[in-house]
Peer 1: 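Sharing a structure below in structure tokens format, with a few things to ask.
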Amino acid sequence: MIDRDRLRSLRKDEDARFSELHPESAALAGHARSSLLAGVPMPWMTRWPGSFPLFVDRASGARLVDVDGREYVDLCLGDTGAMTGHALPQVTEALAAQAARGITTMLPAPDSAWVGGELARRFRLPTWQLAMSATDANRFVLRYARALTGRPRIAVMDWCYHGTVDETLAVLDGDRVVPRPGGLGPQVDVALTTAVVPFNDADALDRRLAEGDVACLLMEPALTNIGIVLPEPGYLDAVREITRRHGVLLVIDETHTLCAGPGGCTAAWDLDPDFVVVGKPIAGGIPAAAYGMTAEIGERLLGPMLGHEIDVAGVGGTLTGNALAVAAIRATLSTCLREEDFAVVVPLAERFTDGVASVIDAHGLPWHVQRLGCRAEYWFCPPPRDGAAAAAAVDEDLEGFLHLWCLNRGVLLTPFHNMALFSPHHAESDVDRHTEVFGEAVAALLT
Ligand SMILES: Cc1ncc(COP(=O)(O)O)c(C=O)c1O
């Protein structure tokens, strides 16, 4: 249905408009290229649409202002890192107060126990540890799982994403496990480390775990990194039953699905995992993550955790659990991501899906828009059942154009997703602005 020549021509116009609107960012990008690889401190920053990245002057609540003074409705929110909204006064105050009292000591700060208790209350697992990032937390949990079970492999869902964790950057090619396209320099052949199964396929999971070599299944309760793919009714119950029957630990990664409620899908859907991982927004944007475990696992891990060699066990990190991060988690979780916050943000996400669906329907497009709590995402196909079906519908040209059109009109979507996330700082008018510009983009494309 999409005329590719028209798409290319519109994209060219939008690229020109982007360059015209952002002379300061262009100058800073030119300067940064002399000292930073690809002109950015972290490679994903090159993935935004436009021929150079926007440089950000400031961000507050649901708004971001670039160095050219242009303001945006931020629907990306740091790809979930700022899901609470940017620069929350209570977090910045807690940070300033803690920074003046010392940032990192490699000893526990008094707020640590409050943080453990709050995570336990939200996610219904009693025993917690901190990490610097969700990637780190996942790596640590995989190590624990192998240590606890004595089994060599981990299992993941096809087209999952759990951070830059080597074992998880694997997909299925037929029934072979192969490196995920784009993965750089895998340290070990993923076929040796990883079992991969399609999401929403309990039989495939059962067959694979029956081989007896898998320590844990690491999964999101709904896929959120290849569009939103929701679990079919009964699937997650089947996953729990199958993993338990095969002695495989179940690790639920709530880093993105925290959008479903204060305790993620684990609490919202009454899941019963062995480990939970959570990261990104829990410290209001300060790097921090956490992982929780059952009492039984906690007890079994006490031995190694108290061992003299814990510092070389492959779990930890010098700055992990530092006083600043702990203060930030307390300030965030005591004031954000609570039931009353979700009561505000979920209706905004519903309004977004209604608006996008109205555009899709008006043009009779075979696209869909999906929602999980305060996260919503459109995708260029009917709702997929698994990651491979979702991956097959990726259309980078179309996505890049739609994102750039919106960005040029003051609305930021997440790069490498068509994702919109809502904080209590967004207003209905922000949602409507997206519906308007998205509708204009689609109309321009189909005229
Ligand atoms: C589900 C999930 N887990 C873990 C991560 C890794 O988070 P980080 O990059 O903050 O380590 C991500 C990142 O997108 C994610 O989506």
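In listed order, ligands and their atoms are each counted from 1.
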Peer 1: Please say which of T266, D270, T294 ends up in a side chain to side chain donor-acceptor pair (under 3.5 Å) with R124.
Peer 2: D270
Peer 1: Testing F352, Y378, F401 for ring-ring contact (aromatic ring centres under 6.0 Å, His included) with F438, which one passes?
Peer 2: Y378
Peer 1: Go through the side-chain N and O atoms of T80 and R375 and say whether any donor and acceptor fall under 3.5 Å apart.
Peer 2: yes
Peer 1: Could you tell me whether L37 atom CG has more than 12 heavy atoms of other residues or ligands within 6.0 Å of it?
Peer 2: no
Peer 1: Take atom CZ in R240; do more than 12 heavy atoms of anything else shown fall under 6.0 Å from it?
Peer 2: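 Count over threshold, so yes.
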Peer 1: Looking at E211, I want to see if its CD is surrounded by more than 12 non-hydrogen atoms of other residues, nucleotides or ligands under 6.0 Å.
Peer 2: yes
Peer 1: May I have a table of the N/O to N/O pairs between ligand 1 and the protein that fall below 3.5 Å, each row giving the two atom names and the distance to 0.1 Å?
Peer 2:
| from | atom 1 | to | atom 2 | distance (Å) |
| --- | --- | --- | --- | --- |
| ligand 1 | 3 (N) | D253 | OD1 | 3.4 |
| ligand 1 | 3 (N) | D253 | OD2 | 2.6 |
| ligand 1 | 11 (O) | A134 | N | 3.4 |
| ligand 1 | 11 (O) | T135 | N | 2.9 |
| ligand 1 | 11 (O) | T135 | OG1 | 2.6 |
| ligand 1 | 14 (O) | K280 | NZ | 2.7 |
| ligand 1 | 16 (O) | N225 | OD1 | 3.4 |
| ligand 1 | 16 (O) | N225 | ND2 | 2.9 |
| ligand 1 | 16 (O) | H256 | ND1 | 3.3 |
| ligand 1 | 16 (O) | H256 | NE2 | 3.2 |

